[in-house]
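Each remark here refers to the structure printed beneath this line.
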Amino acid sequence: MSRLLLVSNRLPVTVKAEKDSVSVVRSSGGLATGLSRPHERSGGLWLGWPGDVSRLTDAQRAQVESQLTGLRCVPLYLSASEVSRFYEGYSNRVLWPLCHYMLDRIPRQDRDWEIYRKVNERFADLVVRHYQPGDTIWVHDYQLMLVPGLLRQRLPGARIGYFHHIPFPSAEIFSTLPRRQELLKGLLGADLIGFHTVSYVRHFSGSLLRQLGLDTDIDRIIWDGREVRVGAFPMGIDVSAFEPLARDSGILEEVATLRRKAEGQRLLLGIDRLDYTKGIPRRLLAVQRLLEREPAWRGRLRFIQVAVPSRTQVDAYAAYREKVDELVGRINGTYGSVTNVPVHYLYRSFNERQLVGLYRAADVMLVTPVRDGMNLVAKEFCAARPDEDGVLVLSEFAGAAAEMDSALIVNAYDVEAMADAIETALEMPEDERRSRMRALREGVKARDVHWWAASFIDRLQGLKTMAEKGLKSGAEALALMKDAPRLHLLLDYDGTLVGFAPRPELASPDDALRELLAKLLARPSTSLSIVSGRPKETLEAWFGELPISLHAEHGLWSRTRPGQPWRMLEGVSFEWKARARPVLEAFCERVPGSFLEEKTASLAWHYRMVDPEFGANQARELRLLLMETFARQHMDVLPGDRVVEVRPHGVHKGRVVGEATEGLAPGTLVVAIGDDRTDEDLFAAMPPGGLTINAGQRPTRAAFRVNGPTEVRKLLQGLLS
Ligand SMILES: Nc1ncnc2c1ncn2[C@@H]1O[C@H](COP(=O)(O)OP(=O)(O)O[C@H]2O[C@H](CO)[C@@H](O)[C@H](O)[C@H]2O)[C@@H](O)[C@H]1O
Ligand SMILES: O=P(O)(O)OC[C@H](O)CO
């Protein structure tokens, strides 16, 4: 296993300052336990913020640092202003509510973005300082969304993963963020981007399409000349740590004491960070509603709500706390008695042993966030129930609901339905409770936190990095081309010599391109061919006068010299065309903005002016329909860049190589440059020693890569100097 560099905003340790001493202890949270095994095994480092150390003396700080070194943790200290503007500001006032669909909580002024960016840079710089070739870098969560991109600039060949622990919102929600594109580009610096559920993966892909025009091919995105993978990796908990605690005799005694104190009562339990995403007020209202409508439960229910203080400096959290306090007071005031209150509200953190005791004692666990990335509390509850009893009421808006369908799934916004679910849970027969809990426990055990970490790391380490793929740069290609005694260039047109225009006829050659081609032709021992998918009429009109060979419609038509007739490949069948046309026309009608281009042999359905998400979906549907309908016909369906093309089988750009290079003097270096899938056929048919250059970002069999038409022109210009 290669060395792991873990990067998260918070280090997995807690600094404990007492009167005269200070110590650093490993935290027990999900991330800390989940990654501790790979962290130890890989001999790597964990980089992050150790929390507020501003009140420590110099000597204490030195002591902290030496203990951190022992744990192989590297601290990144945040100044007071960074804590307030990076952590509390952009991370928790903007990104947190955005990802949890709470747009009205985001401040109107975007004033903390710069600090967010700068702190992300500080993290990236720290990683670079500790990076050794061969390391795997794994960045965590929304506080560090720019870090993968910043690392990619600094360490182009590194293997980088990113995991998003909170929901990724729908494309409509994400599009409200002024910095949406920067953040997406930041994430795309990673080789692998992980989310808890497939719906977050879908939302992320939707945003890529809408914001950057990038289509996700199952789990693969092509960005900046690299492949980026996305996937769902549902996080689990450390079951092996919970199980023994749940059988611990000391804890079981405490459970018995608690149950004795609540004799004659059923126990409901809620355990959360005090966060406005956790749905505590509606949960309280549901308990209130049950007591209101079913007087028989009054005095017979005890709802224990534990809330750990969180982000207390952020106003929204303070206001939320007041709201919860007020509701608890109101319910207890209405339904309490001199000896008993229905809600036991505990505003503090509990240690793991105390939590397990509560989980073990509860009849019904209420996990009802209004939005939650995963929610590990739901899984901890099940792991703590080897007795196979207890009912889990789980919000459909927690990522955990995607896996835990044996829970009672509720709409956490619907107070009445939650009151119903609590009642159903309280009255559930023992058999049903056991069979549901058994199924839940199986899932929680099978996909624990070690499985989660290992599946992400294995996937990441199984991917080839840029360096391993070995694509060489345009500069290296230029050096070889300049050294060659003679040169023949096979050039694709659209996407290679010119960029894309809204309609094909608008992408005509500009003056600079014409001048460049003329100069290349004047260069000693240099000849060239244009190999395009365009109709022959277009190539004739644009380049007919030039002493070059022209190949139209992916090689169906060829013309070797000006004035020579165009010749068509022999033995090509077109009978499918009349039947395919109405299918494509129907798509033009139903997808506004799309249009049909007809060439001699092929039909192309263009959707570059259509809403990207809708266009891509419709293109997928069209391809499936064509492949089904014309399964045994002599035709190929080719997906292109915002185009679906249908062309005769056996007609492809590779067919022109023989003719275009016929009669070249020995020792001529043949160079092919193209950007899309149709150019791969050209690359595949190159003569031995030929040089292949991909002018795009797709996976390619080419040996060299440059980035788009601007760099192609720069490369060709380089031949003239
Ligand atoms: N009152 C309390 N006292 C003591 N400990 C308490 C506590 N309340 C919660 N905890 C502990 O905190 C840990 C994490 O809890 P969650 O997954 O529920 O949410 P959190 O929002 O912090 O995490 C974010 O990251 C995790 C992991 O990816 C996602 O599941 C989640 O959706 C995302 O918001 C659990 O181990 C739990 O025991
Ligand atoms: O306490 P925070 O702000 O570091 O956040 C803890 C949560 O687990 C974030 O996902």
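Remember, it's 1-based here, ligands and their atoms both numbered in the order they're listed.
- The closest approach between Y347 and ligand 1 stays at or above 4.0 Å for every heavy atom of the residue.
- If you number the atoms of ligand 1 from 1 as listed, the ones under 4.0 Å from a heavy atom of W96 come out as 34 (O).
- Two rings, from W452 and F233, have their centers 6.0 Å or more apart.
- Between L268 atom CG and Q265 atom CD the span is 10.0 Å, to the nearest 0.5 Å.
- Note: an N/O pair closer than 3.5 Å links L376 and ligand 1 by distance alone.
- Cation-pi geometry between R159 and W138 is not met: the NZ or CZ atom fails to fall both under 6.0 Å from the ring centre and inside 45° of the normal.
- Counted by atom type alone, Q305 and D272 present one or more donor-acceptor pairs between their side chains at under 3.5 Å.
- At a heavy-atom cutoff of 4.0 Å, ligand 1 is contacted by no atom of T277, backbone or side chain.
- Annotation: the span from Y101 atom OH to T277 atom OG1 amounts to 13.5 Å, rounded to 0.5 Å.
- Interface atoms of ligand 1 facing R273, defined by a heavy-atom separation under 4.0 Å, are 8 (N), 20 (P), 21 (O), 22 (O).
- Taking only non-hydrogen atoms, the option from D372, V356, L346 nearest to atom 31 (C) of ligand 1 is D372.
- When the salt bridge (Lys or Arg N to Asp or Glu O under 4.0 Å) test is applied to R72, no partner is found at least two apart in sequence or on another chain.
- N375 and D372 share a side-chain donor-acceptor pair at under 3.5 Å.
- No donor-acceptor pair under 3.5 Å is formed between the side chain of W49 and the backbone N or O of L11.
- Cation-pi contact between R61 and Y77: present, with separation from the ring centre below 6.0 Å and deviation from the ring axis of at most 45°.
- Distances from atom 19 (O) of ligand 1 to the heavy atoms of H100, M374, K278 show the closest one on K278.
- Legend: residues meeting ring-ring contact (aromatic ring centres under 6.0 Å, His included) with Y413, ordered by chain and number and at least two apart, are F397.
- Looking at Q305, H165, E380, it is H165 that brings a heavy atom closest to atom 27 (C) of ligand 1.
- Below 4.0 Å from some heavy atom of M235 lie the following atoms of ligand 1, by number and element: 27 (C), 28 (O).
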Need the list: ligand 2 N/O atoms against protein N/O atoms, distance under 3.5 Å, rounded to one decimal.
residue: ligand 2; atom: 3 (O); partner: Y87; partner atom: OH; Å: 2.5
residue: ligand 2; atom: 3 (O); partner: R311; partner atom: NE; Å: 2.8
residue: ligand 2; atom: 3 (O); partner: R311; partner atom: NH2; Å: 3.1
residue: ligand 2; atom: 4 (O); partner: R10; partner atom: NE; Å: 2.7
residue: ligand 2; atom: 5 (O); partner: R311; partner atom: NH2; Å: 2.8
residue: ligand 2; atom: 10 (O); partner: D141; partner atom: OD2; Å: 3.2

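- For R229, the salt bridge (Lys or Arg N to Asp or Glu O under 4.0 Å) test picks out D219, E227, with sequence neighbours left out.
- Of the N or O atoms in G373, one or more lie within a sub-3.5 Å distance of an N or O in ligand 1.
- Below 4.0 Å from some heavy atom of L355 lie the following atoms of ligand 1, by number and element: 4 (C), 5 (N), 38 (O).
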